[in-house]
Amino acid sequence: MILTTNKSQYIKNCSTDKSFAIRFSKYANHMMFLPKSMVKLKEIDIQKDGQYWSTKFEFEIPEWLYYRLSKKDQETIDSIQEEWKQENNS
């Protein structure tokens, strides 16, 4: 499973040596942590007209790990994925 996030959803300053910190939005009160030992991170720079525009992050999450996460964490992942689907369709 690939989870794509933007800079406001991947919270670098709350991540630790062992986990990535992710939340749906800056207004959400729930932050989830994914173990770095089981999740791969890919950082992608987005350019427009040859200039840096933004950065997105792709987390590769094993299916079994997703099903072991709490319901709240699964809902966070589902919400982020739905947001990216809508953005890519527009």
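Since this is a predicted model, take the numbers as computed values, not measurements. Position 1 is the first residue of the sequence, and the numbers go up from there. Just so it is clear, the values below take in all heavy atoms, side chains as well, and ignore hydrogens, waters and symmetry mates.
Among all heavy-atom pairs drawn from Q74 and Y66, the shortest one is NE2-O, 2.8 Å. Summarising the geometry of T4 relative to I80, their closest heavy-atom pair is O-CG2, 3.2 Å, with the distance given to 0.1 Å. Nearest heavy atoms, N6 versus W84: N-CZ2, 3.8 Å.
A distance-only check finds no donor-acceptor pair linking the side chain of E75 to the backbone of S70 [under 3.5 Å].
Under the side chain to side chain donor-acceptor pair (under 3.5 Å) criterion, E58 pairs with no residue at all, not counting sequence neighbours.
I2 and I61 fall into different hydrophobic clusters, defined by Ile, Leu, Val, Met, Phe, Trp and Tyr side-chain heavy atoms under 4.5 Å apart, directly or through other members.
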Just list the side-chain donor-acceptor pairs under 3.5 Å for residues 20-33, sequence neighbours left out, or say none.
| unit_1 | atom_1 | unit_2 | atom_2 | d |
| --- | --- | --- | --- | --- |
| S25 | OG | Y27 | N | 3.2 |
| S25 | OG | A28 | N | 3.4 |
| H30 | NE2 | D73 | OD1 | 2.6 |

Only pairs under 3.5 Å count here: list side-chain donor-acceptor contacts from residues 36-51, not counting sequence neighbours, and write none if there are none.
| unit_1 | atom_1 | unit_2 | atom_2 | d |
| --- | --- | --- | --- | --- |
| K36 | NZ | T16 | O | 2.8 |
| D45 | OD1 | T55 | OG1 | 3.3 |

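Distance check: E60 CD to L65 CG gives 11.5 Å after rounding to the nearest 0.5 Å. In this structure, CZ on F57 lies 7.5 Å from NZ on K7, to the nearest 0.5 angstrom. In this structure, T5 OG1 and E83 CD are separated by 10.0 Å, a value rounded to the nearest 0.5 Å. In this structure, the separation between CG on L69 and CD1 on I77 is 5.0 Å, given to the nearest 0.5 Å.
By the 4.5 Å heavy-atom criterion applied to side chains, K56 and Y10 are not counted as neighbours.
Hydrophobic clustering, defined by side-chain heavy atoms of Ile, Leu, Val, Met, Phe, Trp and Tyr closer than 4.5 Å, leaves Y52 isolated from every other such residue.
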